[in-house]
Amino acid sequence: MSTPSTGTDGDTDSSGGTRQRTVRPSDKPARTPPPRPGSPGSAARTPGEPPRTSLVGQLRAVVSAMHPRQALAFGVAVAVLVALMGRPPREWLVSGAAVLVVQLALGLIDDLVDTEEDRQTQAPGKPLASGLVPRGNATYALAVLVLLAVPLSLQNGLVAGALLLASLVVGVVHDRWLHRGLLSWVGWAATFALLAGFVSFGGWGREAEGTAPVTSFVVLVAVLGVLVHVLVALPDLVTDHRGTVRHLPLRIALRTGTPRLLLATAALTALVLAGCAYVALTAGIAR
């Protein structure tokens, strides 16, 4: 029996001989070339494994977990208040930067504490819950933020710095024990009141000594904190309702409906802001 040549295949006919059959290209099994090193298919992923990202992508994801827009709004608001008190521009910058860093740390703590809850409710825009950011990377970033927050806070004065760092402690207590229940407003009210004291007592350098804030201004700012809590919570009410969260805004919305709650909160926020402006222009922020 002869050996089939390349490009042919052998079949045995009825006479026992071998006839040659030409193999068409479509009869040959398709061969997939191996992936090139560094290509998307070069490293296989197990099902459900989050996609690997570059260093820049990791940094963006970590920053996203810090709630940067909210932190920036806090920093700018405090810098504006410091400017309205007639203090020099360098104090605007250092006070705003200190609040910005503290709020970034609080945003990251919030996502770290709520990782499992966010994963179960499939909350959107949560890099930690989706696995895009490893928990170790987020913890490292938090440590860096805290190390930055301490000198920046104390640069505003020992008393002012202590008040700002106390807001960091309040935020941790809020995220761990308060924000899922009826007392979710307490952390927001306390944080806003502490920020009023931070602005009032602040100055330049650790030896700076300001004065206590006006009581009516502190009360109005604390109420503003509760209203901001409601406004911030409104976009996530549906997601929160899927999980174990039953904070104050959700409880009210279940009774009144989200549109009514939004309108009422917006109106009250405008009134409280007007009250803050009136007190700041008449009695002042600090005594």
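Please read these numbers as outputs of a predicted model, since none were measured by experiment.
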Measure the spacing between CZ of F217 and CG of L81 and express it to the nearest 0.5 Å. 5.0 Å
Exercise: identify the closest heavy-atom pair between L142 and A105: CD1-O, 3.7 Å
Test item: Q58 and P127 side chains (from C-beta on) under 4.5 Å apart, heavy atoms: no
Contacts of E209 meeting salt bridge (Lys or Arg N to Asp or Glu O under 4.0 Å) (sequence neighbours excluded), chain-then-number -> none
Shared ILVMFWY cluster between L100 and L59, side chains joined below 4.5 angstrom? no
Flag side-chain contact, heavy atom, 4.5 Å: C276 against V221: yes
With a cut-off of 6.0 Å (strictly less than), are more than 12 heavy atoms of other residues, nucleotides or ligands near CD of Q122? no
Hey, quick one: are I285 and V94 part of the same hydrophobic cluster, counting side-chain heavy atoms closer than 4.5 Å, chains of contacts allowed? yes
So, for A129 and T115, which heavy atoms are closest and what is the spacing to 0.1 Å? CB-O, 3.7 Å
Which pairs with one or both residues in residues 84-94 pass side-chain hydrogen bond (donor to acceptor under 3.5 Å, both in side chains), sequence neighbours excluded? R87-E91
Starting at CZ of R251, measure out to CG of L237 and round the result to the nearest 0.5 Å. 13.0 Å
With a 4.5 Å cut-off on side-chain heavy-atom distances among I, L, V, M, F, W and Y, is there a chain of contacts connecting V230 to L106? no
More than 12 heavy atoms from other groups under 6.0 Å of CZ on R206: no
Which pair of heavy atoms, one from R287 and one from P213, lies closest together, and at what distance? NE-O, 3.2 Å
side-chain hydrogen bond (donor to acceptor under 3.5 Å, both in side chains) pairs, two or more places apart, involving residues 174-183: D114-H179, D114-R180
Does some side-chain heavy atom of H241 sit less than 4.5 Å from a side-chain heavy atom of V238? no
Spacing of N137 atom CG and L132 atom CG [to the nearest 0.5 Å]: 10.5 Å
Do you reckon L248 sits in the same ILVMFWY cluster as L231, going by side-chain contacts under 4.5 Å, direct or chained? yes
Output a table of donor-acceptor pairs, distance under 3.5 Å, between side-chain atoms of residues 192-204 and any protein atom two or more places apart or on a different chain; print 'none' if there are none.
residue, atom, partner, partner atom, Å
S200, OG, T211, O, 2.3
S200, OG, A212, O, 3.3

Taking only residues two or more places apart in sequence or in another chain, which ones pass side chain to side chain contact (heavy atoms under 4.5 Å, CB included) with R60? V56
Let me check something: any side-chain donor-acceptor pairs from residues 156-173 under 3.5 Å, sequence neighbours excluded? List them with distances.
residue, atom, partner, partner atom, Å
N156, ND2, L152, O, 2.9
S167, OG, L164, O, 2.4

Nearest heavy-atom pair of L104 and P68: which atoms, and what distance? CD2-CA, 3.9 Å
Can you check whether G75's main-chain N or O pairs, donor with acceptor, with Q103's side chain at less than 3.5 Å? no
Hey, could you give me the CE/CD1 distance between M66 and I109, rounded to the nearest 0.5 Å? 11.0 Å
Please, which pairs that meet side-chain hydrogen bond (donor to acceptor under 3.5 Å, both in side chains) have at least one residue in residues 62-82, sequence neighbours excluded? H67-D111
Shortest non-hydrogen contact from A138 to L112? CB-CD2, 3.9 Å
So which atom in A189 and which in V226 form the shortest heavy-atom distance, rounded to 0.1 Å? CB-CG2, 3.9 Å
When rounded to the nearest 0.5 Å, the distance separating CG of L271 from CG of L224 is 11.5 Å
Applying side chain to side chain contact (heavy atoms under 4.5 Å, CB included) to A123 and not counting sequence neighbours gives D118, T121, K126, T239
How many angstroms lie between atom CG of L145 and atom CG of L108, to the nearest 0.5 angstrom? 6.5 Å
Residue list, side chain to side chain contact (heavy atoms under 4.5 Å, CB included) with A283, at least two apart or on another chain: V214, V279
For residues 181-194, pull every pair meeting side-chain hydrogen bond (donor to acceptor under 3.5 Å, both in side chains), keeping only residues two or more places apart or in separate chains. S184-H229, W188-H229
Acceptor/donor pairs from residues 256-265 side chains to any protein atom, 3.5 angstrom cut, sequence neighbours excluded:
residue, atom, partner, partner atom, Å
T256, OG1, I252, O, 3.0
T265, OG1, L261, O, 2.7

If hydrophobic clusters are built from ILVMFWY residues whose side chains come within less than 4.5 Å, do L273 and V219 share one? no
Partners meeting side chain to side chain contact (heavy atoms under 4.5 Å, CB included) with V223 (sequence neighbours left out): L227, V272
